[in-house]
Amino acid sequence: MGPQFLFATGIENSNPTIQNGKHRVDELEKCNHYKLWQKDFDLVDEMGIKFLRYGPPIHTTFLGPGKYDWSFADVTFQDLLRRNIAPIVDLCHFGVPDWIGNFQNPDFPALFAQYAKAFAQRFPWVQLYTPVNEMYICAVFSARYGWWNEQLSDDRSFVNALKYIVKANVLAMEAILEVRPDAIFIQSESSEYFHAENPAAIGPAETMNAERFLSLDLNYGRRVNSSMYEFLMDNGMTREEYHFFLKTKMKRHCIMGNDYYYTNEHRVRADGSTTASGEVFGYHVITTQYHDRYRLPVMHTETNIWQGPNGDEAVNWLWKEWANVLRVRNDGVPMVGFTWYSLTDQVDWDSALRENNGRMNPVGLYDLDRNIRPVGTAYKHLIADWSQVLPAQSVCLQVPIVMPQESNEAWAREQKADVKAASADTSTAQANSTTVDAA
């Protein structure tokens, strides 16, 4: 059995298209991971980290229906297995292959499920997955803000993108479970909050605070409230499509991963426009809202901040986020992990990847020359200090994690068989249904 608290980092693998599909932003390339992947895994080992948010580049791996190029994935994932680092596999991170087009394609969900199943079959020792990263943000940036991929900016396009993205995630989970019955899915979703700037902004803020839950409501089969139901129906979702999500039974296989940055809270003006508010409520308050809604174990799956001129800005943010994690845990929420994202600095996220400027963003545990930053040293010490301390363990939950090198052990095979048998038992299906959740 692996560690019971998931200290993690990630290797940034965003790959949306911009400029009306003419240019793909490949963060693995921008951060030089294709050349330095062995060094990057050395750094993960150096940090004492055993869990890594990581995935193959979908746009160069998924070549067509039933066609795959696993060459890069084979060498990298074999090395993770050798090192006994458990990947939390990120299969779709803001982009799709050129031949699929974008998130308006209704064929995307079924095609993506095929890809997910093919990956699981090729790497059967992998247990942890984030099939689609930040579903809400992906739909907003692609089809409401007009920044990425389809670059559309209307409600109907947003609903289209959202329903296809979430359906892809659900079908992928089902497909992976056919191969790995004890797979665990860690949704990495942005946790947002919208603050009304004045009384006239209360209505728009309430709408935005309902919309922020849409991706997870659909993913977990939770009934949306009446205003969101009307919004979905008015913008192209059919009753049949909505009921597909209500019948979803994946919740019991999931950990609610949530991402929190300084930019996740917003001020709403009377006309519905928004601006950044900075940290007002913070991770503790907002995570409690999400946990109260979904009642799932929680993992803090992304955070970072720029290392500024003083050199300690990121270190102080790490301390603050960890203090919030402990506060959430001490309030009785089953917290199972924490992530500084990402391993190295990133490139062009200061423009939300909308511009190809090649500008380095100093948010990593290491810089792009693979030199450790102060926050890397601080995180290494935090992991060493807390990983074996009881208060860092979950209050009421032990996650049944199988580390890569244990996947063929007798107890691990027995666990898979037990989960498969339990999943096949339909006698308790009604009792476990989530479709009666309150709106």
Side-chain angles (χ1 to χ4, degrees), residues 14-21 25 92-96 100-109 112 131-171 187-194 201 203-246 248 258-259 263-266 268-269 271-276 290 293 352-354 439:
S14 295
N15 48 45
T17 59
I18 57 174
Q19 300 172 8
N20 295 314
V25 182
C92 178
H93 201 122
F94 298 146
V96 294
I100 288 180
N102 55 52
F103 294 108
Q104 300 297 306
N105 185 346
D107 296 328
F108 168 60
F112 182 67
V132 182
N133 173 74
E134 286 193 344
M135 295 177 283
Y136 171 78
I137 293 298
C138 189
V140 168
F141 285 16
S142 298
R144 172 164 280 167
Y145 292 173
W147 290 353
W148 299 338
N149 303 307
E150 52 262 49
Q151 291 187 243
L152 298 173
S153 53
D154 61 274
D155 287 344
R156 182 168 289 266
S157 298
F158 168 71
V159 170
N160 261 345
L162 184 72
K163 69 184 182 184
Y164 295 145
I165 288 168
V166 181
K167 185 176 182 180
N169 195 71
V170 170
L171 294 181
Q187 272 73 52
S188 178
E189 185 57 279
S190 182
S191 49
E192 308 277 324
Y193 193 84
F194 297 86
E206 287 181 345
T207 297
M208 294 173 191
N209 280 322
E211 285 185 0
R212 66 181 168 140
F213 292 124
L214 280 176
S215 61
L216 293 180
D217 282 354
L218 297 175
N219 187 68
Y220 295 139
R222 188 187 195 280
R223 294 185 186 277
V224 301
N225 68 26
S226 58
S227 64
M228 288 299 100
Y229 181 79
E230 290 182 0
F231 171 72
L232 294 173
M233 295 299 112
D234 289 347
N235 288 287
M237 182 176 283
T238 66
R239 286 171 60 90
E240 181 182 15
E241 288 172 327
Y242 179 65
H243 282 274
F244 164 83
F245 295 112
L246 288 188
T248 294
N258 67 335
D259 306 343
T263 55
N264 281 42
E265 298 186 53
H266 317 267
V268 182
R269 305 183 184 96
D271 63 359
S273 61
T274 63
T275 188
Y290 278 77
R293 191 175 185 91
L353 305 184
R354 287 174 289 169

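Panel note: side chain Trp148, backbone Gly95; no donor-acceptor pair is recorded below 3.5 Å. Side chain of Ser191 to main chain of Asp259: a donor-acceptor pair is present (N/O by atom type, distance under 3.5 Å, no hydrogens or angles). A donor-acceptor pair is defined here as one N or O able to donate and one able to accept, closer than 3.5 Å; such a pair exists between the side chain of Asn169 and the backbone of Val132. Although no hydrogens or angles enter the test, the distance criterion places no donor-acceptor pair under 3.5 Å between the side chain of Asn160 and the main chain of Gly236. Side-chain atoms of Ser142 come within 3.5 Å of backbone N or O of Cys138 as a donor-acceptor pair. Not a single donor-acceptor pair under 3.5 Å links the side chain of Asn149 to the backbone N or O of Asn102. In this structure a side-chain-to-backbone donor-acceptor pair under 3.5 Å is missing from Glu134 to Ser188. Side chain of Arg293 to main chain of Tyr290: no donor-acceptor pair is present (N/O by atom type, distance under 3.5 Å, no hydrogens or angles).
Taking the six-membered ring for Trp and the full ring otherwise, Phe213 and Tyr136 have centroids separated by 6.0 Å or more.
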- Task: Before giving the answer on side chain to side chain contact (heavy atoms under 4.5 Å, CB included), spell out for Ile165 and Ser215 the whole-Å C-alpha distance, their side-chain angles and the decisive distance to 0.1 Å.
- Result: CA-CA 9 Å; Ile165 288 168; Ser215 61; over 6 Å; no

- Query: Where do Met228 and Thr207 land on the side chain to side chain contact (heavy atoms under 4.5 Å, CB included) test, with the steps shown first?
  - Reply: CA-CA 8 Å; Met228 288 299 100; Thr207 297; 4.2 Å; yes

- Query: Hey, mind stepping through Lys163 and Phe103 against side chain to side chain contact (heavy atoms under 4.5 Å, CB included) and telling me if it holds?
  - Reply: CA-CA 9 Å; Lys163 69 184 182 184; Phe103 294 108; over 6 Å; no

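Thr238 and Glu240 are not linked by any side-chain donor-acceptor pair at a separation below 3.5 angstrom, with hydrogens and angles left out of the test. Between the side chains of Asn235 and Asp155, no donor-acceptor pair of N or O atoms lies under 3.5 Å.
Contact record, Phe112 with Ala168: CD2-O, 3.5 Å, taken as the closest heavy-atom pair.
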